[in-house]
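Notes follow the structure.
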Amino acid sequence: MSTRFISVDRNQPFLLPPDLREWVPEDDLVHFVIQAVESLPEGRFRVNRRGSGSAQYPPSMMLALLIYCYANGIFSSRRIERATHRDIAVRFLTGDTHPDHDTIAAFRRENFDGVAECFVQVLELAKELKLLKVGTVSVDGTKMRANASKNRNVRYDRAGELLETLRQDVQELMEKAERTDQLDEVDGQRLPDELSRAEALKKKLEAARKAIEERARTRAEGERAEYERKMAERSKRKGPRGCEVKEPDATPRPEEQTNLTDSDSRLMCKSKRSGFEQSYNAQAAVDADGSQLILGARISQCSADKGELEPTIRAIPERLGQPTTVLADSGYLSEAQVRALEGSGEVPAMEVLVSVHAEARELGRKYDFRPPPAEKEKKNQIRSEFVLEMKERMAQEEARRRYQKRKQTVEPVFGIMKKCMGFTQFHLRGLEKVSGEWNLLALAYNFKRLWNLINETKRSNNRPIPA
């Protein structure tokens, strides 16, 4: 590179070289992102085709900008805009153009379909390079903070009380505003502002109560089939019929609550030793055969993982194939979920290995630093045939050896996302948008991971990998 661009005189402007490529290392991730994204058909992206309004940018460039910035820990649309001025690789990616934060945020919000298609294509590229084999898959979830405060939660009963108070306050403010208009006071602006704030809060509380009521109705409809099944079994019994079966109630419980900022988020705690935060349950299915690429990603509103195993496996695109073995911890232990994955045929669709209890002591931790748990006087006896079957399956040496892959494949993925990439909180609100952002983060992680795998293969083989 010519040195005519460098000046030691502080009074002289520092000029950029005519080709930004000279300033970007050849092994930088930005080259791989640009080449991969340019292969996508632009028809899948939503853009302003009227030719009016703000400046227009190529959709492939905007998607590459989001992927590269997410992979390097830049998530806010304002920080991404700033990076187009201050980061050499980002300036090279954008062709020294500078999309404003509103354009970046709108493109991210409206093009999650393109993100999903790019997610599949990157995994197909990994299969072509023989870096990915959809065989053994590890499943796990992590609690990720929502873009909302837990202090904005309101209970169903408390929302009703506040609504009554607000109705009275709004009525008094309207009467006061009318008196102010009649007196023709000069400073009458403060009262309408106060009135509009009260009206806005009243609408939010009304929407919150409706959301809780709808949630209660949905829950009752989901429990109806189980209730009818239990009632049918109870009617066939001779003699004592056992405990009374309660009919599903569609009436919201007083303690049920929702968040005024993001009504789709829920209060969750990461563990027994952590506090509650307004969060989502981010699920991921990760290749456990060496690549550690994310094969499927989805968002759940449920804090527990018990009902998330099958939906997370089904989130793996069909074009990639079906896993042969699924590994999950004890939080996913559910007979219905396991049976759905294994199928009803003689040959199971896939083998599912789910921990029955804390198996760390049994799977090879010879020297455990923790003291042994105190023995209980009366241990709970396992009576479920399914749990006994799974416990027997997990006791086999081969199953125990394969299950050891789980913790070293899926858990490091979440650690990389949170600690290395710096993603600790969603920036969008609502289940649909949060799901899209989680897919975008998974895509950025896969780009970063695949690029590292390609470079490792190049170094080990000492020959280029075909594009």
Tyr403 side chain near Thr136 side chain, heavy-atom distance below 4.5 Å: no
Derivation of the salt bridge (charged side-chain N to carboxylate O under 4.0 Å, His left out) call for Arg393 and Glu342: CA-CA 14 Å; Arg393 186 187 304 179; Glu342 290 181 337; 2.7 Å; yes
Evaluation steps, side-chain hydrogen bond (donor to acceptor under 3.5 Å, both in side chains), between Ser138 and Thr409: CA-CA 7 Å; Ser138 299; Thr409 52; 2.8 Å; yes
Show me the donor-acceptor pairs within less than 3.5 Å that the side chains of residues 426-435 make with the rest of the protein, sequence neighbours left out.
from: His427; atom 1: ND1; to: Gln425; atom 2: O; distance (Å): 3.4
from: His427; atom 1: ND1; to: Glu437; atom 2: OE2; distance (Å): 3.2
from: Arg429; atom 1: NE; to: Asn147; atom 2: O; distance (Å): 2.9
from: Ser435; atom 1: OG; to: Leu431; atom 2: O; distance (Å): 2.8

Note, Arg152 side chain near Lys204 side chain (heavy atom, < 4.5 Å): yes
Side chain proximity check, Leu66 to Ile104, heavy atoms < 4.5 angstrom: yes
Cys118 and Leu63: CA distance, side-chain angles, deciding distance, side-chain contact (heavy atoms from CB on, under 4.5 Å) verdict: CA-CA 9 Å; Cys118 188; Leu63 179 59; 4.2 Å; yes
For Asp102, salt bridge (Lys or Arg N to Asp or Glu O under 4.0 Å) partners two or more places apart: none
Separation of Leu260 CG from Asn153 CG (nearest 0.5 Å): 8.0 Å
Salt bridge (charged side-chain N to carboxylate O under 4.0 Å, His left out): pairs with one or both residues in residues 285-301, sequence neighbours excluded: Asp289-Lys405, Arg298-Glu308
Atom of Ile80, atom of Phe75 and distance for their closest heavy-atom approach: CD1-O, 3.9 Å
Approximate separation, where rounding is to 0.5 Å, of Lys407 NZ and Ser355 OG: 11.5 Å
Electrostatic pair Arg401-Glu397, nearest N-O below 4.0 angstrom: no
Atom CD of Glu392: over 12 foreign heavy atoms under 6.0 Å: no
Full working for side-chain hydrogen bond (donor to acceptor under 3.5 Å, both in side chains) between Asp305 and Gln283: CA-CA 9 Å; Asp305 293 330; Gln283 297 283 320; 2.9 Å; yes
Minimal non-hydrogen separation, Tyr68 against Ala89, with atom names: OH-CB, 3.2 Å
Lys202 and Leu163: CA distance, side-chain angles, deciding distance, side-chain contact (heavy atoms from CB on, under 4.5 Å) verdict: CA-CA 6 Å; Lys202 177 172 168 288; Leu163 275 174; 3.9 Å; yes
Whether Trp451 side chain and Val30 backbone form a donor-acceptor pair below 3.5 Å: no
Results of side chain to side chain contact (heavy atoms under 4.5 Å, CB included) for Glu214 - residues two or more places apart only: Arg217, Thr218
Exercise: identify the closest heavy-atom pair between Asn259 and Ser149: ND2-O, 2.8 Å
Check: Met417 and Thr142 side chains under 4.5 Å, non-hydrogen atoms: no
Test side-chain contact (heavy atoms from CB on, under 4.5 Å) applied to Asn439 and Phe112, step by step: CA-CA 8 Å; Asn439 287 332; Phe112 289 130; over 6 Å; no
Gln301 side-chain N/O to Asp264 backbone N/O, donor-acceptor pair under 3.5 Å: yes
For Ala126, all residues meeting side chain to side chain contact (heavy atoms under 4.5 Å, CB included), sequence neighbours excluded: Leu132, Leu293, Leu450
NZ/NE/NH1/NH2 to OD/OE distance under 4.0 Å, Glu199 and Lys203: no
Residues Glu124, Lys127: salt bridge by 4.0 Å N-O rule: no
Donor-acceptor contact below 3.5 Å, side chain Arg209 vs main chain Tyr156: yes
Residue list, salt bridge (Lys or Arg N to Asp or Glu O under 4.0 Å) with Glu81, at least two apart or on another chain: none
Thr103 and Met62, any side-chain heavy atoms less than 4.5 Å apart: yes
Pairs meeting criterion ring pair (Phe, Tyr, Trp, His ring centres under 6.0 Å) with involvement of residues 429-448, two or more places apart: Phe32-Phe447
From CA spacing to verdict: side-chain contact (heavy atoms from CB on, under 4.5 Å), Arg79, His101: CA-CA 8 Å; Arg79 290 188 61 203; His101 63 272; over 6 Å; no
Flag side-chain contact, heavy atom, 4.5 Å: Met350 against Ile313: yes
Salt bridge (charged side-chain N to carboxylate O under 4.0 Å, His left out) pairs, two or more places apart, involving residues 129-146: Asp140-Arg406
Closest contact, heavy atoms only, Ala399 versus Leu353: O-CD1, 3.9 Å
Basic-acidic side-chain contact under 4.0 Å: Glu206, Lys210: no
Shortest non-hydrogen contact from Ile294 toward Ala297: CG2-CB, 4.3 Å
Salt bridge present between Glu335 and Arg339 (N-O < 4.0 angstrom): yes
Non-neighbouring partners of Glu213 that pass salt bridge (Lys or Arg N to Asp or Glu O under 4.0 Å), sequence neighbours left out: none
Atom CD of Glu398: over 12 foreign heavy atoms under 6.0 Å: yes
Value rounded to 0.5 Å, distance of CZ in Arg402 from CD in Gln396: 8.5 Å
Non-neighbouring partners of Ala83 that pass side chain to side chain contact (heavy atoms under 4.5 Å, CB included), sequence neighbours left out: Ile74, Asp87, Val90
Validation row: Val338, Val354 side chains within 4.5 angstrom (heavy atoms): yes
Side chain to side chain contact (heavy atoms under 4.5 Å, CB included) partners of Phe276, counting only residues at least two apart: Leu267, Cys269
Side chain to side chain, Asn111 and Pro59, heavy atoms closer than 4.5 Å: no
Qualifying residues under salt bridge (Lys or Arg N to Asp or Glu O under 4.0 Å), relative to Arg155, sequence neighbours excluded: Asp157
Spacing of CD1 belonging to Ile88 relative to CG belonging to Asp96, to within rounding of 0.5 Å: 8.5 Å
Carboxylate-amine/guanidinium contact Lys419 Glu411, below 4.0 Å: no
Heavy atoms of other groups near Arg319 CZ, more than 12 under 6.0 Å: yes
Minimum heavy-atom distance Ala148-Asp262, with the two atoms named: CB-CB, 3.9 Å
